[in-house]
Trainee: 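The structure follows.
Here the structure is a predicted model, which is why all the values come from computation and not from measurement.
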Amino acid sequence: MHTDPIADMITRLRNAAHAMKESVDIPASKMKMNIADILLKEGYIKGYKVIEDGKQGILRLNLKYLNSRHVITGIQRVSRPGRRVYRGADEIPLIRRGLGIAVMSTSKGIMTGQKAKAGKLGGEVLIKVW
């Protein structure tokens, strides 16, 4: 069992992108589905679907490439179980001068850093994507 399922998700995503895979399978959870939804809306992946397997389910992410290069050039876990990172609405980090996104967990759910800043919400910075 993994102690940090989000770190496991981004590691699988990063490894599949380096290997030029078409899709990657990840054990499903609500938080991972919310993160996948944000990645889809921001244009980092083609799509995703949940495959029922009688247990917790499998989340299949379809990777997106542009000129045989993965759209996600970098993805990094910020807050982790051993060191949680919280930011107020005015302290939300700007990723790659606005070219990337921060995925945050707020009191209103999981959203991008820009939406959290617009809604004047702080929260836990989960990952950075660029």
Trainee: Does one hydrophobic cluster hold both L94 and W130, with members joined at side-chain heavy-atom distances below 4.5 Å?
Mentor: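 Different clusters.
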
Trainee: How long is the straight-line distance from OH of Y86 back to OG of S79, given to the nearest 0.5 Å?
Mentor: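 Here the interatomic distance stands at 6.0 Å.
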
Trainee: Between NZ of K30 and CG of D37, what distance do you get to the nearest 0.5 Å?
Mentor: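 So the gap between those two atoms works out to 14.5 Å.
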
Trainee: Taking side chain as C-beta onward, heavy atoms only, is I127 less than 4.5 Å from I10?
Mentor: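 Answer yes - side chains close enough.
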
Trainee: Within the supplied structure, the quantity of interest is the number of heavy atoms (other residues, nucleotides, ligands) at a distance under 6.0 Å from E91 CD; does it exceed 12?
Mentor: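 Yes.
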
Trainee: Give the table of side-chain donor-acceptor pairs shorter than 3.5 Å for residues 101-119, with sequence neighbours excluded, one pair per line with atom names and distance.
Mentor:
unit_1	atom_1	unit_2	atom_2	d
T106	OG1	K108	N	3.2
T106	OG1	G109	N	3.4
T106	OG1	G109	O	2.7
T112	OG1	K115	N	3.3

Trainee: Look only at the side chain of E52 and the backbone of G57, and say whether a donor-acceptor pair between them is shorter than 3.5 Å.
Mentor: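 Checking the backbone N and O of G57 against the side chain of E52, no donor-acceptor pair under 3.5 Å is found.
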
Trainee: Between E42 and L39, is there a donor-acceptor pair closer than 3.5 Å when you use the side chain of the first and the backbone of the second?
Mentor: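 The answer is no, because no donor-acceptor pair under 3.5 Å joins these two groups.
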
Trainee: When you measure from the side chain of D53 to the backbone of K55, do you find a donor-acceptor pair of N or O atoms at a distance under 3.5 Å?
Mentor: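 Flag set: sc D53 to bb K55 pair under 3.5 Å.
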
Trainee: So I58 and I26, do their side chains get closer than 4.5 Å, heavy atoms only?
Mentor: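 Not in contact.
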
Trainee: In Å, rounded to the nearest 0.5 Å, how long is the span from CD1 of I6 to CG of L126?
Mentor: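 Answer rounded to 0.5 Å: 5.0 Å.
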
Trainee: Measuring from atom CG of L59 to atom CD1 of I51, what distance do you get when rounded to the nearest 0.5 angstrom?
Mentor: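 Taking CG in L59 and CD1 in I51, the distance rounds to 8.5 Å.
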
Trainee: With the 4.5 Å side-chain cut-off for hydrophobic clustering, are V129 and M33 part of the same group?
Mentor: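 Yes, V129 connects to M33 through the hydrophobic network.
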
Trainee: Working to the nearest 0.5 angstrom, can you tell me the gap between K46 NZ and L40 CG?
Mentor: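 One finds 12.0 Å between NZ of K46 and CG of L40.
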
Trainee: Quick test of your reading of the model: are R60 and D25 salt-bridged, counting only N-O distances below 4.0 Å?
Mentor: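 Yes.
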
Trainee: For Q56 and P27, work out which heavy atoms get closest and say how close.
Mentor: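 That would be NE2-CB, 3.0 Å.
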
Trainee: Hey, what do you get for NE2 (H18) to NE2 (H70), rounding to the nearest 0.5 Å?
Mentor: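 Answer rounded to 0.5 Å: 9.0 Å.
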
Trainee: Quick one: do E22 and L63 satisfy side chain to side chain contact (heavy atoms under 4.5 Å, CB included)? Show the steps, please.
Mentor: CA-CA 6 Å; E22 188 176 313; L63 305 179; over 6 Å; no

Trainee: Check the hydrophobic clustering (I, L, V, M, F, W, Y; side-chain heavy atoms under 4.5 Å; chains of links allowed) and say if Y48 and V24 are grouped together.
Mentor: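 Yes, same cluster.
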
Trainee: What residue among K32, M31, R14 forms side chain to side chain contact (heavy atoms under 4.5 Å, CB included) with M9?
Mentor: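 Result for side chain to side chain contact (heavy atoms under 4.5 Å, CB included) with M9: K32.
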
Trainee: Applying side chain to side chain contact (heavy atoms under 4.5 Å, CB included), can you list everything that pairs with V71, at least two apart in sequence or on another chain?
Mentor: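 Applying side chain to side chain contact (heavy atoms under 4.5 Å, CB included) to V71 gives Y44, K64, L66.
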
Trainee: Looking at I45 and A36, what are the two nearest heavy atoms and their distance?
Mentor: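 For I45 versus A36, the nearest heavy atoms are CD1-O, 3.6 Å.
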
Trainee: So, using salt bridge (charged side-chain N to carboxylate O under 4.0 Å, His left out) as the criterion, who are the partners of R84 when residues are at least two apart?
Mentor: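 Testing R84 for salt bridge (charged side-chain N to carboxylate O under 4.0 Å, His left out), a comparison that skips the adjacent residues, returns E124.
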
